[in-house]
Structures are given as C-alpha cells and as structure tokens.
Amino acid sequence: MPKLSICINTQTPLLQFRASENGSLVDPATAPAADLSNLREGVDYRFSPGGVTRMVYPLVRRLLKDKVLDEAHWVSLNPTAPPTIELGRLTLHNIHLAPDRMAGYGKVKEAIWGRIHDLNPGEPHGDLFWTEAFSEYAYYNRVTAELIQELDRRHDFDAFYVHDFQQMPVGHMLGSLKPKIFRWHIPFDASTIPEEWRAMLTTYLDAYDVIVVSARRYAESLGALHPKGRVLQRYPYLDPSEYSRPSSSQIAEVGERLGLARSDDIALVVARMDPMKGQDVAIRALARLAPDYPSLRLVLVGNGSFSGSKGGLGLSKSSTWRGQLEQLVQTERLGPRVVFAGHVNQTELDSLYERSRFTILPSVREGFGLVAVESWVHGRPVILTERAGVAELVRDGTHALLFDPDDPAALAAKMRALLDDPRGRLRGKLVRNGRSIARKCSIEVAVEGEKSLLTEIAEA
Amino acid sequence: MPPLLEAVWPYLPVAIIVVVTVVLAWLVGALVGGLLRRSSPPLARAARQLTVGAIAVIGATFALQYLGLNPAIIFVIIALLGATALIALRGVLGNYGAKYFSDIYVPFKIGDSIEVRGISGKVIESNPMTTVLLTDNDHLVSVPNESMLREIVVNTSPQAWKEVAVPVTIGSSLDLAAFESDLLKSLAKLRSRLDPRFPPVLTTKSRTAQSTDLVLTLMLRRPEDRDSITAEANKRVAEILEGARAPRRTTG
C-alpha cells in the first residue's frame, strides 16, 4: 500500500488556545509555528471536546502509525492560535478570521444547522444564500480552500478529507481533480431542506467523490438527492484505549468538587450546552421523579462548543441556553438536584461515568451519539433518544432504553426502570449488549474502513 | 568617435523606432483593454492582440524604410504573404475565429447537451478548432467551430436558457476570497432578476502563478434579461476588480 499524504479540514480545531487580553495567545505575525512542548495543556491550550478529538485525531494518529499516511495536514478555523502547530508528521494550520467576517459566517452556519435539525420550522430561511452574511460564509470557505490549495502546491496531497456540514463549499471551491471525501456528521433528512436551498447544496455536494454519513437512514435520504459522488454509511467511532478507569481518589475528588454525596444516584448527561441536546427534557423528567427518589441527582457535563467559545465564533447560544436551563431548574424547584458541571477534563469525565448510575442522551436530533458508546465502554447503561443515529443499532430494552425526546414522561419512565432494578439485571443486560455495539464503533473497525477508502480513491 | 560606436551609429534611429513601436503597442494595447474591460474577456483579448499586431507591422515598415527598402514593395510582400497564409489556412483560421465568437455568442458550455447539423450529444471539449460531442451511443464527434456559427445550434440541456456563464480572470495578487465576498454582496442586489433557487456561484476553472480563471454562473428568472444581466454582471465584476485594494489574507 503506498504511503499517502492527505489534507484534513474541519471547522473546529483540534487544539483551542486560551485567548489573552489582546485576543491571541501568540502573535501570528511574530510566531509562525508553535512548539507545544513550551505550552501547558489545560493552561495555555486544551483539546477541543467532541468528535474532532475523540474521532478524527485518533484516526489520523493510527493511520500515521500504521504507515498508511506519510504525512497529514489539518486546516481549521482557530482565531486565537498560532498559524501552524507541528505534531510530528501532523501539521495543524489555523485560519484567523476578522470578527466581522466571523459573525456573518456564524449566522449562516447556525441557520443551516437549525434547518437541518428541523429546529424553528416557522423561521424564514429561503433567502439565506442571498444575504450579506452568506458572503462572509463564502469568504471563510474560500479562505480555507485557498489555504488548502496553497498547501497542495507544496505537498502534493493524494486526497482531501473535508469534515463538517459548514465546510461543505470547500470541495467545490478547491477546483481540484484530486479525490475529495466529505464527512457529514450531523443528521441528514432531505425533507428538512428547503426547496430554495437544494440547488446550492447539490452544487456543493456534487464536488465530492465520496460522501460519508453516520447512519443508514441518512445515506438513504442523501441518496435520494442523487449526488454525483458515492454515498457511504460508516458509524462514528472512538478509541476505547483512551478511556481509563480512574482511581477511587480521583472519583472522590470530582464528587467533592461538584458537591456530590456518596449516596447520590447520578444520572449523567454529557453534551454541549445547546437546545438541540435536550437537557431540558432530562430536567423535566427529573422533576417527575424527584419526590420518589430523594438521592437522584442530574449532572450536566459540558459547556459551549467551539462556536460558543470566546476563542471560537463567540456565539451566545450556549450561555443563553444554560440561563434558560437554570431558570427551568428554579421553576421546577429542583435546586441542588441538578449540577451544572461545565467543561471537565478527561479524568474527571471518566470519574463521572464511573460515579454515575446511568447515562441519558436526550437530544432532539443527534447525528450519531458517541456519548452512548462512551457510556458502554465505561460499563454504564444508556437511556437514549430514539432520534440519534446510533438508535438504528439499538433494540429497546436489549441494548439501551429508547424514548421520544418530546416526551419527558417517557424518559422518566425509563429512568424509573433503571432506578427500580435492585439486582441490576436490566442494567447488566443493557451494558453487556451495549458493549457489543461499542465494538462495532471502535477505532479498530473504523481504521480498516478508512484505510480501504483512502487507498481505493487515491489509487482510482 | 570610437570605431564601434561609429559602426552602430547609423542604425540608432532604427533602434529608436523599434523601442517607440514596442512602447506604443503596449500603451495602446492597455488602452484598448481598458476601454473593453466591461465586455467579454475573449473579445477584449482579441481586440488587444489585433491592435498590438497592427502597430507592430506599422513600426516594422518604418524601420525597414529607414534601412532603404521601398515601402511599396514591403507592403506588397506583406500583402502577398498574408493572402497566401489566409488561403492556406482559411479552414484553420475560420475555426479559430469562430471559436472566439461562438464562446461569446453561442449559448452552450462544456457539459451541456446540444444538437448541431443533425448530431446531438454532450459537449465534452471545446478547443480552438473543434467542439467535441459525446453522443448517446458513446461516439466522439468533432464539430468544426465554423459550424457553430453557420448552423443552427440547439441547446437541449434542462433550463439552459436560464444559465449565464460569465468568465472572470483575476490576478494572483488579488484576494480571491474578498473578491468573491464582494461580488456575492453586489449580485444579491440583482436578486429580483435571478432565479431565487440558484444563487450566484463562482467556480475555479484553472490557475497559473499569474492569474486564476473563474466562471460566474447566474440563473435568470426571465429569458429576455439575458443580455442585460450579462452586461450588468460584467460591469459589477469590473468595478470590484478596480476597487480591489484588499491585502492578502492572514492565515497559517
């Protein structure tokens, strides 16, 4: 197998740098490349939470280690980072965008996101591609495509691997005959796409040789649009070896920090602060159970995504949503029964999984739902929204408990089933069977698929 | 006077004529290019080349006359050579010329399905001599470009009447992202004349160290707006290119 050189593109960067008072940790003009060994993880920078760190990075590392890749370059939006960061044979290239450009880009990205997730169906959307904000969205994507072109002239890539729906125009803008793969991570339901958007989306999607989606039903829906490239379905994945069992002192430490008592029954939600993630449904379900289960507490892990962070797009969505949730907690008189843990590091997250009784994934829409896989890896049962991509692998009551995210009472009933399981029979069954799904979503399976895809299209 | 300078001295006026001709050709070429900047790029390029060529011939005639040759004889020789070349290459030149005009005036592009001289197929290549069609039975048919002007060409692509393709060439020193962003903002003002389902799209066709060739695709709402929208789009492209003073982006 020939060693390949590829260029990856994601909107969210692998590493997020803490912005200094002047907005940037390192002055891009004077520091062309960062030496990570001089910087401290958790202080100067952190790995972005979510799929970029959980999925894409482990895959790239594995493909480099297995010598499928000779080198990889990774282009992302990263306004507060140095222009380039060397991580061995992986080079991160960071795009800086002026705040006014970023605002327009963020507006269009959020509008597309909302429509595809079928949020705010009454909101007008038909003229989105004619707005001034769209010209900024095009600007960012063109800057990305131009940087990738420039890198291609220097490194002669074998393929381009574009991730994230918001980077969709990049393939068209590259104007390159080389193979282009597009990974669509969010749900895809053609019926949610307005008629006025279809021509534009088709123009963009037709630029790719392969479009990869996370669930079978998304592949069927996308296939009905007849894109020029091949549509593939591949389950997202994670590397179980990255998850360790924390020590009892580490578990106690995070419990103490968050004010959790040893006797508390923890229901865990791991999701960024976003209305689409449905934390409100979990709070409403808790309100129904609270009188009967005095030791039950709901821990909400996560804060804003890169889009909501100060070093990212700076959108206020996550802080607004958290405010609404806090208000809901007050209205439901739940007070300390709901814990907002915010961002936690990996050890703390592992500890919270160990500490929890079960995990809830209450999303209104969810491209896949790797949190469910994480939970199974930690040996915790999952109560899962039936609208997550991973739900197509699950049989209710066998691998997980499924519920309609519009119905908090249904979630409360599923929580009750796990709370009233003194011998742990249901829990044991769900974990045992859930782990069989986790194996299908492991990096070992994914690497083979990615190897064959990359090799096939590069050789074609 | 040194012997070398003495030998070169009589030819100095010839050198001056050559230099003046080159400078004049460059200036007038730039002037013609500037005057036609809002028209179609191939037409502007052809007019500039013709102007530069004519000035070069006039300059050469003056220089040869200074060297003692009879201008009448020179003109006769040029005319004879020209006539011979025209007769010998009339087919080639006809096709070459037709390519310029069909690019501008015949409404099809690569990828469209057309019918010409009873042959129908998909346009897969358009070179200076021929337009190559791929027929339904996988035959490649070369249609001389002259035929595209002389014969009736029917574009059978769905919604072909809607599409206006405006070629755009920008220098590599220009910030393409800023240009595109400004162009999209400007063209959004023509929305009432364009099909709302098809916003303007800028596609990269080719790229060299000096420039990038792009195509701006617009979809009309009404067929009778074709000429006016094409002219308006060319005007807006030219205005943005003129006003472009944006520095290159700062990226990693």
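Just so you know, these numbers come straight off a predicted model, no measurement behind them. Below, chains carry the letters A, B, ... as their sequence lines are ordered, and counting in each starts from 1. Side chains are part of it too, since the values below use all heavy atoms of this structure and drop only hydrogens, waters and symmetry mates.
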Verify the neighbour count for atom [atom1] of [X]: are there more than 12 heavy atoms of other residues, nucleotides or ligands below 6.0 Å?
X	atom1	answer
Glu125(B)	CD	yes
Asp136(B)	CG	no
Trp26(B)	CH2	no
Arg191(B)	CZ	yes

[X] side, atom [atom1]; [Y] side, atom [atom2] - distance, nearest 0.5 Å:
X	Y	atom1	atom2	answer
Leu176(B)	Glu146(A)	CG	CD	4.5 Å
Ser181(B)	Tyr140(A)	OG	OH	15.0 Å
Met200(A)	Arg197(B)	CE	CZ	14.0 Å

Heavy-atom proximity to chain A below 4.5 Å, by part of Asp195(B): backbone
Part of Leu183(B) lying under 4.5 Å from any heavy atom of chain A: neither
Note, Asp175(B) side chain near Tyr139(A) side chain (heavy atom, < 4.5 Å): yes
Thr203(B) side chain reached by His172(A) side chain, heavy atoms, under 4.5 Å: yes
Partner set under ring-ring contact (aromatic ring centres under 6.0 Å, His included) for Phe188(A), not counting sequence neighbours: Trp184(A)
Residue part contacting chain B, namely of Arg153(A), when any heavy atom lies under 4.5 Å: side chain
Exam field: side chain Ser135(A) to backbone Lys185(B), donor-acceptor pair closer than 3.5 Å: no
Side-chain (Trp130(A)) to main-chain (Pro199(B)) donor-acceptor, under 3.5 angstrom: no
Basic-acidic side-chain contact under 4.0 Å: Arg142(A), Glu180(B): yes
